[in-house]
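Report on the following structure.
Each chain gets a letter, A, B and so on, in the order its sequence line appears, and its residues count up from 1. These values consider heavy atoms only, across backbone and side chains, with no hydrogens, waters or symmetry-generated copies. Every value quoted in this text rests on a predicted model; they were computed, and no experiment measured them.
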Protein chains: 2
Amino acid sequence: MLSDVMEDYLKAIYQLQARTGPPVSTSAIADTVGKTPATVTSMLETLEERGLVAREKYKGAELTAEGETVALEVLRHHRLLECYLAEHLDYAWSEVHEEADALEHHISEEFERRVAAALDDPVVDPHGDPIPSADLSPLDEDDATPLTAHDVGSRVVVSRVSDRDREELEYLADAGVTPGTVLEIVDIAPFGMVTVRTEDEAEQSLPESVADAISVRPAAEAGAAAGPGEVTDA
Amino acid sequence: MLSDVMEDYLKAIYQLQARTGPPVSTSAIADTVGKTPATVTSMLETLEERGLVAREKYKGAELTAEGETVALEVLRHHRLLECYLAEHLDYAWSEVHEEADALEHHISEEFERRVAAALDDPVVDPHGDPIPSADLSPLDEDDATPLTAHDVGSRVVVSRVSDRDREELEYLADAGVTPGTVLEIVDIAPFGMVTVRTEDEAEQSLPESVADAISVRPAAEAGAAAGPGEVTDA
DNA sequence: TAATATTTTTAGAGTGGTCTAAACCATCTA
DNA sequence: TAGATGGTTTAGACCACTCTAAAAATATTA
């Protein structure tokens, strides 16, 4: 049996790996899970013994196939819970993350099935993140890029908004920036301050840290309204 | 912060206390939480240091007011979850207990509020057990008595069915014995085997262990159909 | 009431997860 | 290429929770 602590480490490694590719550094994991690097090193040893992680000393760690499956399961739980809370318990988009974090390790397979059924097997959560399928097959690559990587004048549609920070999320919810929103980049000022125009012509200036939480893809010419990962081409 | 392990001990003590009154023996707690008596002794020490339990060596333990409040909170979570699972996620009456046990320690105050609201602030769970109110004021005494304490020929209505054992629960659900069911005791055989007649004239023979899980109160003469704890008198 | 049986506690050890401080390795820069 | 710097691991300790085995207290019964 895997402890919820271990599940948290695996989830963290998965997400870091998804952003920057393997291997992931000890200190990056430490930051993500909120532990000291020394603690992470010792946990990586036990994860390695259990065959969930492969690692090379002083270099970094990487999930094994088995470790990835566990991470996907946790992620599926997390994102289904986020959906459920938003849809059926009236949570705001920006509130679901913490609750899902607490619950994700403690739901049964049965609960997972019933929640998925109640939601009609959703494929993305309220932040735009993809939900792993019930068979836990690997998620495919993400074609979205950080908002900050785009140029002034480009029109983009929001794919995902990172659920890492609660305040950022509320800020963006207020600003009307949610997955699916079309944005035009109006200005990029020093220190990364980004100004965008939303669909209703309102302009928002976002500090770099916040802008970085937004992943986008180019807006299709003829307003294609497909969900993330399902762009209608042809 | 209280660990979920501690919460389990407090819940166990509360429930034992409710059945037999304080003080509660070390071994009774050990049986309930599934640990050795030695382990319970040491946990009782730490619970005492934290002011949640009062105890006298070799005699037994008792919850303090603060300990009782914690237990009531856990119980409220548990029973609200049972209701929610049955009502909104289509769980069978006999399935909700284990899932609620896993989740009860991990839901936020916010979640508790929203679930209670979605259910319209229920006062009993699917097993007929009372749900502590949001202010966690003590539950009042329970006037129900074990089915096995009644005589042949008496007509009784089921108040509660203990949720301790999954198999018993399924057995009873099949037999149509749920809170609110009116039963007539047809026979009590050796070894405590009890035969009852349900409303639809079907007869069921229940082994003592199962019959013991059923709490009842006398059936009112003129078929009063009030919920448990709310008998309409006058 | 004395011997016996049962329950409870103590003693001591082990596991999992965490920390700090110190040693270690790798990489960057002069 | 030799330090200096910064991330990583080791060493050692600690806390929470658990166990088994043995000692102590209480309850039962002759």
* Calculate the interatomic distance between Ile29(B) atom CD1 and dT9(C) atom C1'; express it in whole Å. => 14 Å
* Contact list for residues 26-83 of chain B, test ring pair (Phe, Tyr, Trp, His ring centres under 6.0 Å), sequence neighbours left out -> His78(B)-His97(B)
* Asked: Contact class for Ser27(A) vs. all strands (heavy atom < 4.0 Å): base, sugar-phosphate, or nothing?
  ->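 Sugar-phosphate, backbone atoms only, no base.
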* Closer to the 5' end of DNA chain C via nearest nucleotide, is it Pro37(B) or Lys59(A)? ->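 On the 5' side of the pair lies Pro37(B).
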* **Charged N-O contact under 4.0 Å between Arg76(A) and Glu73(A)** =>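 Glu73(A) and Arg76(A): not salt-bridged.
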* Asked: So does Glu62(B) pair up with Arg55(B), basic N to acidic O under 4.0 Å?
  -> no
Partner set under side chain to side chain contact (heavy atoms under 4.5 Å, CB included) for [X], not counting sequence neighbours:
| X | result |
| --- | --- |
| Pro130(A) | Arg79(A), Leu139(A), Arg160(A) |
| Glu208(B) | Asp212(B) |
| Tyr171(A) | Leu206(A), Pro207(A), Val210(A) |

* Asked: If you walk 5' to 3' along DNA chain D, what is the first nucleotide with an atom under 4.0 Å of a heavy atom in chain A, and what is the last?
  ->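 Nucleotide range with atoms under 4.0 Å of chain A: dG7(D) to dT10(D).
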* Out of curiosity, Arg217(B) CZ to Thr145(B) OG1, how far, rounded to the nearest 0.5 Å? ->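 Going from the CZ atom of Arg217(B) to the OG1 atom of Thr145(B) covers 10.5 Å.
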* Asked: Quick one: are Met6(A) and Met43(A) in side-chain contact, heavy atoms under 4.5 Å?
  -> yes
Expected rows: protein N/O vs nucleotides 15-18 of chain C N/O, under 3.5 Å:
unit_1, atom_1, unit_2, atom_2, d
dG17(C), OP1, Ser3(A), OG, 2.7
dT18(C), OP1, Lys35(A), NZ, 2.4
dT18(C), OP2, Tyr9(A), OH, 3.2

